[in-house]
Amino acid sequence: MDFEFSDEQAMLREVFRDTLRDHSSPEKVRAIADGGLDVDPKLWSLGAELGWTGLAIPEQYGGAGQGLVELCIAAEELGRAITPGPFITTSLVGLAVARHGSAELQAEVLPGLADGSTPATWALAEPRRGWAPESIQATAVLEGDTVLLNGRKTAVQDAGSAAWLLVTAVLDGEPTSFLVERTAGGMATRRQKVLDQTRSLYEVRLENVRVPAARRLAGGAEQVRWLSDAAAVLTSADSLGVGERLLEMTVDYVNVRVQFDRPIGSFQAVKHKCSDMLMLVRGVRAATYYAAMAFDAGTPDASRAASVAKAFSSEAMSRVAGEALQTHGGIGFTWEHDLHLYLRRAKTDEALYGDAAVHQRRLCSLLAAEGAGAR
């Protein structure tokens with residue numbers, strides 16, 4: 001498989017990197033976190049003008065009609081710059097509506113997602129229940145032409161500023177997703193205090209939230225799993241960007257930090273650490289972009305590749321963050337150093353949409369099912 005970017009994809013990466021270098025510095029990220037904001041309004045508006053919010057939206061609704069590979073390029077650069085905001089969650093919801101929404105729902109929702117006027121997020125995980133679709137306990141009850149939603153969601157990214165929430169609940173024994181306006185009666189959001197300062201995560205409570213049945217996405221459990229795979233790959237791409245930046249910071253530091261009249265980067269033990277970090281970063285890149293290409297192509301191993309990417313990136317990038325912290329020595333442990341922001345984002349990426357253990361178990365199940373089918 002060819003992992004080289006096309007000219008258009010390389011240009012997309014360059015635009016993201018240059019823009020985020022100017023508008024998403026660690027100082028600005030800290031200021032947004034200190035201000036209790038989900039996103040920098042100026043960066044969000046600029047991103048919308050550049051087409052970031054509509055990257056995966058079909059062209060007929062004002063988007064660019066790109067696939068998961070292009071979204072991974074975006075997610076990688078957002079992770080590299082530890083950028084806050086619902087860029088990826090809005091794209092995820094756009095992917096889901098474009099694939100599984102009715103024509104009427106697409107016409108209602110997708111233009112606003114594409115132009116950035118109505119950001120969106122996905123409410124999947126539940127307290128102490130994990131990220132697996134089969135663990136969902138929130139309920140949906142059909143009443144005529146409406147649906148009543150009840151339950152509690154956790155780690156919902158940027159729910160405080162989202163116009164739409166894609167809520168996944170159990171309807172007739174099957175996980176199903178519904179688009180809900182954040183201002184709907186019976187819905188309450190509470191910002192959570194979390195490890196990652198570069199993200200805003202919320203608890204969402206739903207008490208008899210009434211939603212038009214027409215805002216139900218087709219596909220049921222298959223749709224939820226498909227979107228979970230996409231989310232896992234995009235989280236791996238975000239983590240890849242974090243790891244790349246941590247490696248750069250570490251190499252720069254060991255080349256200027258002097259001990260015993262020599263840069264510590266000249267010591268073999270330090271060289272080994274940096275080499276190990278590089279190998280892990282390259283491995284995550286290969287796994288992530290293979291999964292994205294398989295997803296876009298719809299190959300039979302796409303779901304398996306998504307779990308491989310997420311399982312590997314969860315462990316590898318957390319290890320890269322730990323090596324970066326150790327190599328920086330005492331300065332790496334100070335709160336003022338930017339290393340902390342990256343380490344915290346890497347650890348949060350490890351958990352989002354399932355950690356390594358979750359995806360390793362899923363891989364075992366998929367392989368067992370394939371083996372049984374082959375007999």
Side-chain angles (χ1 to χ4, degrees), residues 5 8-57 62-64 66 69-94 112-121 157-163 191 194 196-202 234-235 237-249 252 317 321 335-346 348-349 352:
F5 290 149
E8 292 79 8
Q9 290 169 337
M11 187 179 301
L12 176 67
R13 180 178 61 180
E14 183 178 348
V15 169
F16 263 93
R17 185 169 298 185
D18 291 346
T19 304
L20 294 174
R21 184 186 297 117
D22 295 336
H23 298 278
S24 187
S25 64
E27 293 76 20
K28 289 187 177 181
V29 171
R30 288 181 186 272
I32 292 167
D34 292 341
L37 300 176
D38 290 352
V39 63
D40 178 355
K42 292 183 179 179
L43 179 58
W44 180 260
S45 297
L46 178 59
E49 291 177 8
L50 293 172
W52 295 1
T53 52
L55 197 58
I57 305 296
Q66 300 299 306
V69 171
E70 286 74 22
L71 286 180
C72 279
I73 293 172
E76 182 183 344
E77 294 306 319
L78 291 166
R80 184 188 183 90
I82 50 174
T83 304
F87 290 100
I88 296 303
T89 55
T90 298
S91 297
L92 272 175
V93 174
L113 298 183
D115 64 22
S117 60
T118 55
T121 190
Q157 298 182 55
D158 306 300
S161 57
R191 187 164 183 160
V194 294
D196 185 3
Q197 285 191 301
T198 70
R199 285 195 178 98
S200 301
L201 303 181
Y202 289 79
L234 289 173
T235 305
D238 184 279
S239 187
L240 171 62
V242 172
E244 287 179 329
R245 184 63 188 131
L246 283 169
L247 176 59
E248 288 178 359
M249 293 167 67
D252 289 344
M317 291 301 97
W335 177 245
E336 292 78 14
H337 201 284
D338 293 336
L339 183 68
H340 272 281
L341 297 175
Y342 287 90
L343 186 148
R344 289 164 180 255
R345 184 144 174 154
T348 303
D349 278 338
L352 286 176

Reported CG-to-OG distance for the pair L78 and S24, which is rounded to 0.5 angstrom: 8.0 Å
What class does the angle between the rings of W52 and F16 fall in, given that below 30° is parallel, 30 to 60° is tilted and above 60° is perpendicular? parallel
How close do H23 and D40 get, heavy atom to heavy atom, and via which atoms? O-OD2, 4.1 Å
Could you walk me through whether D38 and Q157 pass the side-chain contact (heavy atoms from CB on, under 4.5 Å) check? CA-CA 9 Å; D38 290 352; Q157 298 182 55; over 6 Å; no
Report the C-alpha distance between M249 and Y342 in whole Å, list the side-chain angles of each, state the deciding distance to 0.1 Å, and finish with yes or no for side-chain contact (heavy atoms from CB on, under 4.5 Å). CA-CA 10 Å; M249 293 167 67; Y342 287 90; 4.0 Å; yes
Between T53 and L113, does a side-chain contact (heavy atoms from CB on, under 4.5 Å) hold up when you go through it step by step? CA-CA 7 Å; T53 52; L113 298 183; over 6 Å; no
Heavy atoms only: give me the nearest R345-V242 pair and the separation to one decimal. CG-CG2, 3.9 Å
Let's go through D349 and M317 carefully: what are the C-alpha distance in whole Å and the side-chain angles of both, what is the deciding distance for side-chain contact (heavy atoms from CB on, under 4.5 Å) to 0.1 Å, and is it a yes or a no? CA-CA 9 Å; D349 278 338; M317 291 301 97; over 6 Å; no
How many angstroms lie between CG in L12 and CG in L55, if you round to the nearest 0.5 Å? 5.5 Å
For A56 and L71, work out which heavy atoms get closest and say how close. CB-CD1, 3.7 Å
How many angstroms lie between CG in L240 and CZ in R245, if you round to the nearest 0.5 Å? 14.0 Å
Can any side-chain N or O of S91 pair as donor or acceptor with the backbone N or O of F87 at less than 3.5 Å? yes
Does T89 use its side chain to pair, donor to acceptor, with the backbone of A120 at less than 3.5 Å? yes
Just wondering, do T90 and T121 contact through their side chains at under 4.5 Å, heavy atoms? no
Could you tell me whether the side chain of W44 and the main chain of V39 form a donor-acceptor pair under 3.5 Å? no
Sidechain-backbone polar pair: S239 side chain, A346 backbone, donor-acceptor under 3.5 Å: no
Using side-chain heavy atoms (C-beta onward) and a distance below 4.5 Å, is L50 in contact with T19? yes
If you round to the nearest 0.5 Å, how far is CD1 of I82 from CG of D196? 8.5 Å
Got T83 and L43 here, is their nearest side-chain heavy-atom distance under 4.5 Å? yes
Check the side chains of S200 and R191 for a donor-acceptor pair under 3.5 angstrom, ignoring hydrogens and angles. yes
Say you draw a straight line from CG of D238 to CG of L352; how long is it, rounded to the nearest 0.5 Å? 8.5 Å
Can you tell whether the side chains of R199 and D158 come within less than 4.0 Å, N to carboxylate O? no
Nearest heavy-atom pair of A48 and D115: which atoms, and what distance? CB-O, 3.4 Å
Nearest 0.5 angstrom please: M11 CE to I73 CD1, how far? 12.0 Å
Can you list every salt bridge (charged side-chain N to carboxylate O under 4.0 Å, His left out) pair that touches residues 75-87, not counting sequence neighbours? R17-E77, E76-R285, R80-E244, R80-E248
Closest approach of G94 to I57 (non-hydrogen atoms, all atoms of both residues): CA-CD1, 3.6 Å
T198 and P84 have their tightest heavy-atom pair at O-CB, 3.2 Å
